[in-house]
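Only a predicted model underlies this, so the values are computations on that prediction, with no experimental measurement involved. Chain naming here is simple, since letters A, B, ... match the order of the sequence lines and numbering starts at 1 in each. Atom set for the values below is all heavy atoms of this structure, side chains included, hydrogens, waters and symmetry mates excluded.
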There are 2 protein chains.
Amino acid sequence: MHTCTDAFDCFVSRVLPKRTGPETVRLFRTLGSHVHLKPDRHLHYPDDEPTLVFLCDGATKLVAHASDHREQVLAFHFTGDLLTLPAHGAHSYTLEALVDCDLMTFPYAQFLQAAEKHQQVLTQLLERSTVSLQRSREKTLTLGRKSALERVSSFLLSMAERIGRGEGSEVKLDLPMSRKDIADSLGLTIETVSRQFTLLRDQGLIRTQGRSGVTLLRVDELDRRAGHLRVAA
Amino acid sequence: MHTCTDAFDCFVSRVLPKRTGPETVRLFRTLGSHVHLKPDRHLHYPDDEPTLVFLCDGATKLVAHASDHREQVLAFHFTGDLLTLPAHGAHSYTLEALVDCDLMTFPYAQFLQAAEKHQQVLTQLLERSTVSLQRSREKTLTLGRKSALERVSSFLLSMAERIGRGEGSEVKLDLPMSRKDIADSLGLTIETVSRQFTLLRDQGLIRTQGRSGVTLLRVDELDRRAGHLRVAA
DNA sequence: GTATCTCATTGATCCAGATCAAGGAGCGCC
DNA sequence: GGCGCTCCTTGATCTGGATCAATGAGATAC
């Protein structure tokens, strides 16, 4: 994935409905911009109007900035995700690349206008927005009421769902984010996250390979550690 | 607001576009159910499919339940709000009335189908969903990175925005939720919330009248306490 | 291959907010 | 209008995770 055309084609095939007319495709093309981001770089976008982003390839984090230099990671995104960057309000937001990323950006208002005649696009936007809201609510519960161990377990399970490769009863993960990113996402410190990893490793629930490799060995036990509701035993 | 007809009319006038045809209105009527909830009662809804709720009148809280009996308030809603109750996943959710409430409920999937021909309804659904997501993200930052005092200040400011009555430079609030609800919303305990109220009162930033009355005396100072980004000084 | 630099782990101490424990005040009920 | 109950406030103590402080291990550059 390198050229602007590739990126746009990727957007077309994954977001627009199958038999979208060529004139509509052309309309979206005039609205969208292709951006390549290197790791640790953040997307520059107008802070007074929301922007729609389609992540063609890569992984990003959405970060909220409070006063001081405190940061909270609101969400991680992976290849194929569609997300809305809010205009800055009481806090400011940035989208930062975790690895090399290709994305398409659209001014939200104009995109919406273009989509109005194609309710399948609207429906999809709504659907994806609902999934984001759902994830955000789970995060709220995690941050509001869970212990460090529960947070880290929840995090691993959620990553397993999104980027895990199942191998028998195990799930392999290649985490694109650093311990700092995980800590900022879970409302913890690097040290605490590291200690929970060690704890889970010592209990035989996970194995780690290098900085980014994690294998979940006992998903059932992790579910219990995560404080999830017992599925009727 | 008491009869089923009143409630549905309220929904029609606040959610459906102005010149919606009578046959469409009739369609939505067949999908919707009117429910009255007394304080502390919760809405019963199928746990395997999402439900759309329009709050005609009253105030509610959306609560997530983790294992043990820990609860996290995900959001408060007030008259005129439209919200989506997710199907239960790793956690379960309930919608509970804070005061007497009238609401209209719709099966989400069927509502969406009915709305497909009316992209104004879709657009509105999307818009409201985006606002919910935005609020949820602010909450994430609050729960992840803010101190008790910052959380309570943020909470008061957010309530001021939604249900405050401005009187000169002051804002009057009549909070429909208990200290317990506030604590469960901010990831704190009742005691800590109470102590922050006392602190803010002692600093002359708020005045309290009885259990539910709060007057914000210094919105600017509260903004500072809330850890909001300084508006270019 | 190895030097170096960054990121992760581990250990020691500290503190904000939880927990435990009484009082006090508002509000509904009779 | 006062009785009683619930919710709120205040105080004392405890603790999980933050902070401070070294190591240790992976990745990158040469």
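For A/Arg195 against C/dG11, a side-chain-to-base donor-acceptor contact under 3.5 Å is present. Scanning atom types as modelled, no donor and acceptor separated by under 3.5 angstrom connect the side chain of B/Arg151 and the base of C/dG17. If you check distances only, the side chain of B/Arg201 never reaches the base of D/dT10 with a donor-acceptor pair under 3.5 Å.
For the residue pair A/Lys139/A/Ser158, the side-chain donor-acceptor check at 3.5 Å is not satisfied.
Recorded end-axis angle for the helix from C/dG1-D/dC30 to C/dA22-D/dT9 stands at 50°, based on five pairs per end and rounded to 10 degrees.
One can place CZ of A/Phe197 at 16 Å from P of D/dG17, the figure rounded to the nearest angstrom. One atom, CG of A/Leu199, and another, P of C/dT9, lie 13 Å apart when rounded to the nearest Å. Between the CZ atom of A/Arg70 and the C1' atom of C/dA16 there is a distance of 13 Å, rounded to whole Å. In this structure, NZ of B/Lys146 is placed 13 Å from P of C/dG17, rounded to the nearest angstrom. For the pair B/Ile206 CD1 and D/dC8 P, the computed distance is 14 Å after rounding to whole Å.
For the pair A/Arg224 and A/Glu221, the salt-bridge criterion is met [side-chain N within less than 4.0 Å of a carboxylate O]. A salt bridge does not link A/Glu71 with A/Lys61: none of the charged nitrogens is closer than 4.0 Å to a carboxylate oxygen.
In this structure, SG on A/Cys101 lies 8.0 Å from CG on A/Leu95, to the nearest 0.5 angstrom. Atom CD1 of B/Ile182 is separated from atom CZ of B/Phe76 by 6.5 Å, given to the nearest 0.5 angstrom.
Within a 6.0 Å radius of CG in B/Asp48, other residues, nucleotides and ligands contribute more than 12 heavy atoms. Summarising the local packing, CZ of A/Arg165 is surrounded by more than 12 heavy atoms from other residues, nucleotides or ligands at distances under 6.0 Å. Under a cut-off of 6.0 angstrom, the local environment of CG in A/Asp40 is sparse, with at most 12 non-hydrogen atoms contributed by other residues, nucleotides or ligands.
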Contacts under 3.5 angstrom, residues 80-89 of chain B side chains, donor-acceptor by atom type, not counting sequence neighbours:
unit_1, atom_1, unit_2, atom_2, d
B/Asp81, OD2, B/Phe78, N, 2.9
B/Asp81, OD2, B/Arg162, NH2, 2.9
B/His88, NE2, B/Tyr45, OH, 3.2
B/His88, NE2, B/Tyr93, O, 3.3

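Of the residues in residues 173-193 of chain A, A/Gly187, A/Leu188, A/Thr189, A/Glu191, A/Thr192 come within less than 4.0 Å of DNA chain D through at least one heavy atom, sorted by number.
Evaluation of the salt bridge (Lys or Arg N to Asp or Glu O under 4.0 Å) rule for B/Arg145 yields A/Asp184 as partners, not counting sequence neighbours. Qualifying salt bridge (Lys or Arg N to Asp or Glu O under 4.0 Å) partners for A/Lys146, counting only residues two or more places apart in sequence or in other chains: none.
For the pair B/Thr198 and A/Leu149, both in contact range of DNA chain D, the more 5′-proximal nearest nucleotide belongs to B/Thr198.
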Pairwise N/O distances under 3.5 Å, protein to nucleotides 25-30 of chain C:
unit_1, atom_1, unit_2, atom_2, d
C/dG26, N3, B/Arg211, NH2, 3.2

